[in-house]
Amino acid sequence: MEVRARAPGKIILSGEHAVVHGSAAVAASIDLYTEVFLKISTDSERSDGLLKLHLKDLGLQFSWPTEKIKEALPGPCIPLPPPTCSLESMKSLASLVEDQNIPEANFGLATGVSTFLWLYTSVHGFKPATAVVTSSLPLGAGLGSSAAFCVAVSASLLALSDLVNLDQNKKGWQSFQENELELVNKWAFEGEKMIHGKPSGIDNTVSTFGNMIMFKSGQLTLIKPSMPLKMLITNTKVGRNTKALVASVSERTMRHPEAMASVFTAVDSISKELSTIVQSPAPDDLTVTENEDKLHELMEMNQGLLQSMGVSHTTIETVLRTTLKYKLASKLTGAGGGGCVLTLLPALLAGTIVNKVIAELESCGFQCLIAEIGGKGVEVSFSSSS
């Protein structure tokens, strides 16, 4: 049995930080994916008795004898709901991962490896299998790489289970049914909890369902955009401490409660207007251009408000100055303090201009990615065992 699952990353279009203080925010999927290939050995196939995980982009391979895993973990947790990993199991997982001697430079991956082991054994028990992970998402850049990993792993595991109803003879990518997507999302959220402790659930939800999501005060609303959107995503490669940045905004709010309340109110209005614009009909190029002009202004406003919150960075400002020279609108996405910057690429923008912008940004040592915004969520594709 073989399956591939791919899950998209995400960006925050508006509402970073302000959402913590009650404002609305909008997140969207991007067509940059984490892909998981999974092959589970059947009883009739010869097997080496190993569960293998290959992180192809990083050149790392891990393997565990299934008998050893069986001694350490409880095994399948079917039927539903998806289980939360117990403290005892977390310790057992840590021991299994430590045995792999992960290089110190990659030790941050240990929780991801543990998450794979937990999700796999919870669905498929102790069957020998091989999983290969590839991704076009940079790690730790605020583009939802961990959520895409959890969603892709969960989707591949469920696709080869009796919990979903997919056509394994169908060629090409296919989507889950709505109730099945809910199931994938619940399993992925358990994985995200293992990696992040107390995640919001936004990243895995966007990666599962795709399109866009507005979220406010814990309420998530799915948004289906009516117009094409393309962004240049610039990775400054500067790490950021999300917890510290969130705390600094809260401290500023305590010092200037009235002023910051006005900032958060403005951000809330921007998120709501952005949501309305992307959902409004865009039957022709003129309407698309008019909507893009409005989004351009909203992005500039949102970035100005983020600067007033104190979460920008010299590298972010460098990106802003560079794109402004070409009359393009940019804003940070995520926590700020480094990370990634979004630049709106109008539909009629000449490719030569885009190439010039990218060349200039890459000369600063930044990584540039172009992505379509608000597309499909997680998908799977089956193939016959060779």
Is there a donor-acceptor contact under 3.5 Å linking the side chains of [X] and [Y]?
X	Y	result
T84	E190	yes
S330	Q303	no
H296	E300	yes
T287	D284	yes
T234	Q367	no
T208	N185	yes
T253	S250	no
T134	E35	no
S161	H124	no

Backbone N/O of [Y] and side chain of [X]: donor-acceptor pair under 3.5 Å:
X	Y	answer
S122	P76	no
R252	S308	yes
E379	A7	no
H313	T315	yes
S145	A141	no
S226	A282	no
E180	F176	no
D268	A24	yes
S95	K91	no
Y120	K127	yes

Between [X] and [Y], does at least one N-O distance fall below 4.0 Å, as a salt bridge requires?
X	Y	answer
K376	D31	no
K331	E16	yes
E273	K294	no

Next on the checklist: Between T323 and V357, is the side chain to side chain contact (heavy atoms under 4.5 Å, CB included) condition met? List the steps.
Outcome noted: CA-CA 7 Å; T323 58; V357 174; 4.1 Å; yes
How far does [atom1] of [X] sit from [atom2] of [Y], to the nearest 0.5 angstrom?
X	Y	atom1	atom2	answer
T205	N211	OG1	CG	13.0 Å
S92	K68	OG	NZ	11.5 Å
S89	L117	OG	CG	11.5 Å
R6	S135	CZ	OG	12.5 Å
I12	L332	CD1	CG	10.5 Å

Next on the checklist: Before you tell me yes or no, could you show the steps for E67 and F126 under side chain to side chain contact (heavy atoms under 4.5 Å, CB included), namely the whole-Å CA-CA distance, both residues' side-chain angles and the distance that decides it to 0.1 Å?
Outcome noted: CA-CA 7 Å; E67 287 301 316; F126 312 108; over 6 Å; no
Does [X], at its [atom1] atom, have more than 12 non-hydrogen atoms belonging to other residues, nucleotides or ligands within less than 6.0 Å?
X	atom1	result
E88	CD	no
K52	NZ	no
N179	CG	yes
N165	CG	no

For [X] against [Y], the heavy-atom pair lying closest together:
X	Y	answer
A335	H17	O-NE2, 2.7 Å
V206	A27	CG2-CB, 3.8 Å
L96	W64	O-NE1, 3.0 Å
I270	N302	CD1-N, 3.8 Å
C150	I195	SG-CD1, 3.7 Å
L369	L32	CD1-CD1, 3.9 Å

Checklist entry - Are L229 and M212 close enough, and set up right, to give a side chain to side chain contact (heavy atoms under 4.5 Å, CB included), and what steps lead you there? => result CA-CA 11 Å; L229 268 183; M212 298 181 182; 3.8 Å; yes
Checklist entry - Going through the checks in order, is the side chain to side chain contact (heavy atoms under 4.5 Å, CB included) test met by L232 and L342? => result CA-CA 6 Å; L232 172 65; L342 305 178; over 6 Å; no
Next on the checklist: Pair K325, E360 - check salt bridge (Lys or Arg N to Asp or Glu O under 4.0 Å), show working.
Outcome noted: CA-CA 11 Å; K325 286 194 296 186; E360 197 164 337; 2.3 Å; yes
